[in-house]
Amino acid sequence: MTGAAGGPEARARRIRDRLGLVFEESRPGRRGVDPIPLDVPPAPPEAEPEILRERVEGLPELSEPEVVRHFTRLSRLNYSIDRGLYPLGSCTMKYNPKVHEWAARLPGFARVHPYSPDALAQGCLDLLAGLESLLATITGMDAVTLQPAAGAHGELTGILLIRACLEARGDARKVILVPDSAHGTNPATASFSGYAVEEIPSDARGCVDLDALRRRAAVGDVAAMMATNPNTLGVFEEDIAEVARVLHENGAMLYMDGANMNAMIGITRPGDAGVDVMHLNLHKTFSTPHGGGGPGAGAVAVKRHLEPFLPVPRVSGAPGARRLGYDRPQAIGRVRSFYGNFGMLVRAYAYIRSLGAEGLRESGLTAILNANYVRRRLEGVLHLPYSSPSYHEVVFSDRDLEAQTGIKTLDLAKRLMDYGFHPPTVYFPLIVHGALMIEPTETESREELDAFVEAVRAIVEEARTDPDLVRSAPHTTPVRRLDETGAARKPKLRFRP
Ligand SMILES: *Cc1c(COP(=O)(O)O)cnc(C)c1O
């Protein structure tokens, strides 16, 4: 069953999957198309004959069906949200409606030149202004920039805004606080922006320890705290308004990592709780496709006092007379070429407009329901380290499983692939032993969730009866366990024949 390197299973898989690069499949002289012979004299080499090459070396030579089959075969090895549940906690991998792809490809959006005069790009500018205003309403904030290209990039933008604002007040502080449950990008952002990073512990509920925060903020050197809500344990920060009040009282600001906005949308607004600045992962909450490093959009929403510092250009003017403004003396500059990943903005806009206020709220409530359904059905099967109510995701631990069977989170995650599921997020947040962070999102049906739960239960059973089967998983994937450290430390980024 485990298919040793030379076994019949491995051989069948090797022949079936043919994982060679397109360069390795190349054979001299094969071609996809034969251009029709010219019936006019060829044009003489142009003004720069030295740039004309006799031959192009190194390009693969294949026939048309070979090219089609190569890429189709590769695409079928890939797991995607179009194939099944993608329960990566914190990543909010929801289904992306295909009609948004159609909208993003409309020629008026897809083919407009980024340097078109404002008068010829009114529709695009209108979409930017409209999306900013919708996001301000959804978050309860005053102004929005759509430029940042990802969540982490939004964090950087937000922290630079705080820095610019504090420096303009003549109060350049040097410390940013993050809870110990924070996503790794939060401390990375703070450090990258030139701040010293200090950790605030979580209490028994999994929330920010208020007493620790009060003590630390009172010192008077804190620029801001970066907090995620609901946090990475899937727990709502019940005292978020008090966190904001404590920070403000001590001259600091509250940055909210809004990557988990899926759980709050239409239900409660960060701006009403006192948040000064936050980012949204449009490519999580607002459905636009992500994963595999694809384009993202990390819109940043701010309160009035931070608006003057937002990156240029800003869209202004009424419908029909929209324009891009650059004359903003306090702006932090540009954070991205042009206006952000515009195609993602079209998809997010389409998502919000097609769902409407009621639909958005329902999506949030369904996401919470789905996470709690999974929680209920797996409680007792896996250890649940925090008993606080779950929002859009639930975090289990491998503590008991490991103690009883020796099977760890990584083994369980790998074995899930044999059952046809993408594994959940593992080993994050760091404060949970062997964390398994499951976020089903609202787009999954009860049947899909039941199948996932059945798979996890079956694996836990296997851990008791046949632990080696789990420890040596996956068995059905094109490649088995990879050297992940080697891939990060000694990456092979170039093909060498
Ligand atoms: C995804 C995520 C981020 C980073 O967003 P990217 O778009 O991947 O850069 C930050 N914080 C949390 C909590 C996240 O889930």
Side-chain angles (χ1 to χ4, degrees), residues 81 86-94 96 135 139 145-160 176-193 197 202 206-208 224-237 240 254-265 270 275 277-301 335-336 340-341 343-345 347-348 367 371 390-395 422 424-432 435-441:
I81 195 74
Y86 215 127
L88 272 184
S90 214
C91 293
T92 314
M93 304 292 290
K94 58 173 77 173
N96 299 287
L135 295 177
T139 54
T145 174
L146 302 170
Q147 260 187 49
H153 196 197
E155 291 173 32
L156 177 65
T157 306
I159 295 302
L160 292 180
I176 287 196
L177 307 178
V178 295
D180 57 6
S181 61
H183 193 270
T185 51
N186 294 180
T189 294
S191 166
F192 193 71
S193 313
V197 183
S202 303
C207 295
V208 171
M225 173 158 189
M226 299 181 82
T228 309
N229 202 21
N231 64 29
T232 59
L233 293 164
V235 174
F236 191 81
E237 292 285 351
I240 190 72
L254 175 57
Y255 181 97
M256 193 184 104
D257 179 330
N260 293 341
M261 190 69 195
N262 211 41
M264 288 165 80
I265 192 158
V275 167
V277 48
M278 65 178 291
H279 81 263
L280 292 161
N281 294 61
L282 298 188
H283 52 283
K284 294 179 181 174
T285 312
F286 300 97
S287 98
T288 93
H290 66 119
V300 169
V335 297
R336 178 75 167 73
N341 284 327
M344 307 310 267
L345 307 178
R347 290 174 177 90
S390 290
Y391 281 77
H392 61 302
E393 63 197 2
V394 54
V395 181
H422 194 288
T425 296
V426 294
Y427 298 105
F428 175 73
L430 303 176
I431 52 175
V432 171
L436 276 146
M437 183 197 229
I438 302 169
E439 178 180 9
T441 82

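We use all heavy atoms of the structure for the numbers below, so side chains are in, but hydrogens, waters and symmetry mates are not. All ligand and atom numbering here is 1-based and tracks the order in the structure.
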task = Grab the two heavy atoms, one from P187 and one from H183, that are nearest each other, plus how far apart they are.
result = CD-O, 3.2 Å
key: Within-4.5 Å side-chain heavy-atom neighbours: P424 and E393   = no
key: Any H290 side-chain heavy atom under 4.5 Å of M93 side chain   = yes
inquiry  = Once you measure the plane-to-plane angle for Y391 and F236, does it fall in the parallel (<30°), tilted (30-60°) or perpendicular (>60°) bin?
reply    = tilted
Mind listing the N or O contacts between ligand 1 and protein, cut-off under 3.5 Å?
from, atom 1, to, atom 2, distance (Å)
ligand 1, 5 (O), N281, ND2, 3.0
ligand 1, 7 (O), G151, N, 2.7
ligand 1, 7 (O), N281, ND2, 3.1
ligand 1, 7 (O), H283, NE2, 2.7
ligand 1, 9 (O), G151, N, 3.3
ligand 1, 9 (O), A152, N, 2.8
ligand 1, 11 (N), D257, OD1, 3.4
ligand 1, 11 (N), D257, OD2, 2.6
ligand 1, 15 (O), S90, O, 2.8
ligand 1, 15 (O), S90, OG, 2.6
ligand 1, 15 (O), K284, NZ, 2.8

task = With I431 as reference, evaluate V395, L233, T232 under the side-chain contact (heavy atoms from CB on, under 4.5 Å) test and give the passing residue.
result = L233
H153: ring-ring contact (aromatic ring centres under 6.0 Å, His included) partners, not counting sequence neighbours = none
